[in-house]
Number of protein chains: 2
Amino acid sequence: MGNSRLTVREIARLAGVSVATVSRVSNGTGQVSEEMRRRVLEAIEKHGYRPDHLGRALAAGRHGALGLVFPGLSGPYFTELIQGFESEAVPSRASVHILCTHLRSDSDAQALEMARRVDGLAVIGGTISEPTLLRLAEMVPVVVVAGEGPGAVPSVRAENAASMAELTRHLLLDHQLTDLVFVGNPEGSPDVSERWAGFLAAHRAAGVTPPASPVAVSMQQADGVLAAEQLLRPDSRPAGVVCANDETALGVLVGALGRGLRVPQDVVITGFDDAPIAALVNPALTTIRQPVRELAAEAARLILTAVNEPERVPCGDIVLPTELVLRRSCGCPANPVTGGTGT
Amino acid sequence: MGNSRLTVREIARLAGVSVATVSRVSNGTGQVSEEMRRRVLEAIEKHGYRPDHLGRALAAGRHGALGLVFPGLSGPYFTELIQGFESEAVPSRASVHILCTHLRSDSDAQALEMARRVDGLAVIGGTISEPTLLRLAEMVPVVVVAGEGPGAVPSVRAENAASMAELTRHLLLDHQLTDLVFVGNPEGSPDVSERWAGFLAAHRAAGVTPPASPVAVSMQQADGVLAAEQLLRPDSRPAGVVCANDETALGVLVGALGRGLRVPQDVVITGFDDAPIAALVNPALTTIRQPVRELAAEAARLILTAVNEPERVPCGDIVLPTELVLRRSCGCPANPVTGGTGT
DNA sequence: TTGAAAGCGATACCAA
DNA sequence: TTGGTATCGCTTTCAA
């Protein structure tokens with residue numbers, strides 16, 4: 001098919017040089033005379049030659065690819081994550097392979113398989129078991145994103161507990177809401193686990209009894225709608241719904257508005273992430289901004305460093321700061337800076 | 001690092017056989033005596049040998065990977081798409097590489113690059129220019145998903161125009177709504193283009209003057225919120241908002257509810273896709289169900305066939321049927337079968 | 001500066 | 001049935 005028949009040997013023959021010279025020219029390595037370089041480039045240009053990826057990778061002992069393992073593909077969080085990761089990987093001429101473990105029973109096996117096709121791996125916390133994570137780390141450089149790495153596996157994550165505690169404190173004290181619920185499943189994700197911990201800590205600090213357990217649903221908008229259905233009954237409605245991310249918060253918001261409730265008058269709703277839509281809805285969503293893009297970019301940088309300079313073993317945990325964003329859904333007045341259309 | 005040092009040669013030496021025999025055993029090809037097989041398997045097991053992917057791919061002249069090119073990662077549509085694609089690819093031992101062209105100026109170049117790393121390619125309509133599509137098709141088997149392929153490039157898509165015309169007719173005649181707008185950008189996507197065409201056709205058939213142009217926004221929920229802001233002003237509010245997909249419809253719904261409008265009494269809203277959340281919101285969303293998963297699975301099957309049996313060149317366009325799903329957001333009564341919580 | 005040749009890891013043909 | 005070996009496409013010493 002097409003020009004795929006072309007090999008270094010062909011080009012070398014056509015240009016009247018050796019394969020070594022062609023290789024040197026097409027890689028920009030080594031010293032080549034101007035005359036040779038011209039001849040080779042001409043032949044390459046004329047026939048549209050592009051070195052075969054497999055041959056190159058085999059000889060170089062490198063795949064030229066980085067892997068990214070994460071739970072699902074829905075939502076702006078993952079879009080940001082991927083873009084941040086690619087923004088670092090692509091300039092280094094590494095393509096990004098994505099493994100989506102959501103609804104997949106054999107994710108550990110899939111990850112091990114992927115590790116054999118890439119030079120390094122970023123794994124979102126909570127997607128892969130610790131033993132497998134350690135095995136992966138023996139095969140290629142691994143960085144855990146949004147979670148803690150086991151053993152010496154480095155990690156990059158956002159600050160969760162303190163900012164969630166701050167938000168919760170704001171609701172408990174500034175808005176005098178003492179009947180809060182938490183929507184999200186701490187089991188599946190280190191991020192959510194830390195946010196739940198912050199939620200509890202703020203209650204303790206304020207001397208308010210927190211709910212015994214979270215409303216453990218998944219992280220998509222539909223789950224928020226379902227949670228709303230379950231929570232927002234006229235007889236036993238909480239004063240505030242603190243959600244583990246913006247998507248579920250949006251779902252709860254839709255559920256609340258759909259049953260004719262007023263937000264924040266009848267019920268307060270908050271999210272986490274500060275997704276683009278959070279500032280657009282009405283009422284605009286109070287949330288916590290986390291630097292998702294930067295998180296992923298940092299992970300990619302760590303991996304690339306480990307790949308390119310194996311002697312410099314990266315280690316330690318990087319924690320990026322987050323920021324509380326107060327908007328109308330928690331009862332605060334409209335804020336022209338952070339967004340929200342007002343009424 | 002780890003066991004990656006192991007090669008066929010090593011295992012052959014350890015098992016006291018030739019590399020050919022090891023290869024035969026690890027691939028299950030050719031005839032091997034029970035005794036040899038046992039010896040080899042033992043050595044493989046003991047040392048945890050897994051054949052190197054690059055070596056294998058180079059020798060086989062095959063990457064063992066399929067590519068999937070599409071615009072963005074947000075939303076349930078793409079989740080379904082990927083899962084459907086993988087459901088066919090993975091059993092055939094092909095991994096799936098994803099290229100997300102959203103916010104990427106060099107998507108054509110990226111796609112060409114990807115074509116050199118995979119055995120076949122599925123391209124979502126509207127993401128890659130036609131000339132590039134033809135070049136890709138010269139390199140590997142290509143299938144266009146949700147769009148028409150140029151030249152002899154085969155395609156798989158869902159029926160759009162007729163079902164959208166049916167929905168529009170339902171709004172125009174059954175609900176007597178003569179003031180409809182269409183939200184979605186026909187330029188970027190063949191799907192949307194066909195849906196807009198169906199919207200117009202129904203107007204013509206009913207003798208109603210359609211709007212001069214669509215509200216050309218992108219396909220994410222935030223875009224729907226923005227469209228709502230622009231459309232749902234008290235002075236000039238349309239009777240119905242027909243959206244190109246469920247996500248924008250949800251955005252419009254959030255926007256409408258957020259401004260205190262009642263749906264469907266004050267304004268009717270419809271979507272397209274029948275995403276899981278469409279049945280959950282209140283009012284439940286009237287929409288058109290399309291078999292996204294099946295679409296992607298069919299595309300993967302076509303590609304795999306083309307890869308495995310190059311003599312059988314696939315061609316033609318496959319069009320999968322869609323189905324109108326009437327729920328409350330268009331003014332129809334609650335339907336216990338198709339979903340919707342009622343009031 | 002250039003080229004010949006030895007790998008990289010696995011497959012598959014052809015003899016034995 | 002088994003093993004030796006050429007081959008896949010490219011990179012990279014090592015000599016010239």
Quiz prompt | B:V19, nearest nucleotide to its side chain (from D:dT5, D:dT2, C:dA4) | solution = D:dT5

Quiz item: Salt bridge or not for A:D317 and A:R157, using N-O below 4.0 Å?
Solution: yes

Quiz prompt | Ion pair A:R135/A:E130, N-O distance below 4.0 Å | solution = no

Quiz prompt | Distance in angstrom units between A:L58 CG and D:dT12 C1', rounded | solution = 13 Å

Self-check item: Heavy-atom closest contact (B:R24 atom, B:G30 atom, distance)
Solution: CD-CA, 4.4 Å

Self-check item: A:E42 and A:R39 ion-paired at < 4.0 Å
Solution: no

Exercise. Look at B:S18 and D:dG4 and indicate whether a side-chain polar atom (N or O) is within less than 4.0 Å of OP1 or OP2.
Key: no

Quiz item: Base, sugar-phosphate, or nothing for B:A20, non-hydrogen atoms under 4.0 angstrom?
Solution: base

Quiz prompt | Charged N-O contact under 4.0 Å between A:E35 and A:R38 | solution = yes

Quiz item: A:V8 side chain: which of C:dG3, D:dG9, C:dA10 is closest?
Solution: D:dG9

Quiz item: Rounded to whole angstrom units, what separation is found between the CZ atom of A:R37 and the C1' atom of C:dT2?
Solution: 14 Å

Practice problem: Provide, to the nearest angstrom, the distance between the CD1 atom belonging to A:I11 and the P atom belonging to D:dG9. | Solution: 13 Å

Quiz item: Given A:F70, which of A:F78, A:Y77, A:F85 fulfils the ring-ring contact (aromatic ring centres under 6.0 Å, His included) condition?
Solution: A:F78

Quiz item: Taking the side chain of B:S26 as its heavy atoms from C-beta onward, which of C:dT11, C:dG9, D:dT11 lies nearest to it?
Solution: C:dT11

Quiz item: Nearest-Å distance, CD (A:E10) to P (D:dC10)?
Solution: 11 Å

Exercise. Provide, to the nearest angstrom, the distance between the CZ atom belonging to A:R117 and the P atom belonging to C:dG9.
Key: 17 Å

Exercise. Establish, with yes or no, whether the OP1 or OP2 oxygen of C:dG9 is under 4.0 angstrom from a side-chain nitrogen or oxygen of B:T7.
Key: no

Self-check item: Nearest to side-chain heavy atoms of B:A59, which nucleotide of C:dT1, C:dA10, D:dT13
Solution: C:dA10

Practice problem: Taking only the side-chain heavy atoms of A:M36 (C-beta and beyond), determine which of C:dT2, D:dC10, C:dA10 contains the nearest atom. | Solution: C:dT2

Exercise. Pick base, sugar-phosphate or nothing for B:V17, based on heavy-atom distances below 4.0 Å to the nucleic acid.
Key: sugar-phosphate

Exercise. Respond yes when some side-chain nitrogen or oxygen of B:T21 is under 4.0 Å from OP1 or OP2 of D:dT1, and no when none is.
Key: no

Practice problem: Choose from D:dT2, C:dA10, D:dG9 the nucleotide whose nearest atom is closest to any side-chain atom of A:D52. | Solution: D:dG9

Quiz item: Does the side chain of A:N27 get closer than 4.0 angstrom to OP1 or OP2 of D:dC10 through an N or O atom?
Solution: no

Practice problem: Whole angstrom is fine here: how far is it from NE2 in A:H63 over to P in C:dG9? | Solution: 11 Å

Practice problem: Calculate the interatomic distance between B:E35 atom CD and D:dG3 atom P; express it in whole Å. | Solution: 11 Å

Quiz item: Which nucleotide in the list C:dA10, C:dG3, D:dT11 gets nearest to the side chain of A:R56?
Solution: D:dT11

Exercise. Nearest-nucleotide wise, let me know which of A:Q31 and A:R9 is further upstream toward the 5' end of DNA chain C.
Key: A:Q31

Quiz item: How long is the line joining CZ of A:R39 and C1' of C:dT1, in whole Å?
Solution: 13 Å

Quiz item: Counting side-chain heavy atoms from CB outward, which of D:dT13, D:dT1, D:dG9 is closest to A:R24?
Solution: D:dT13

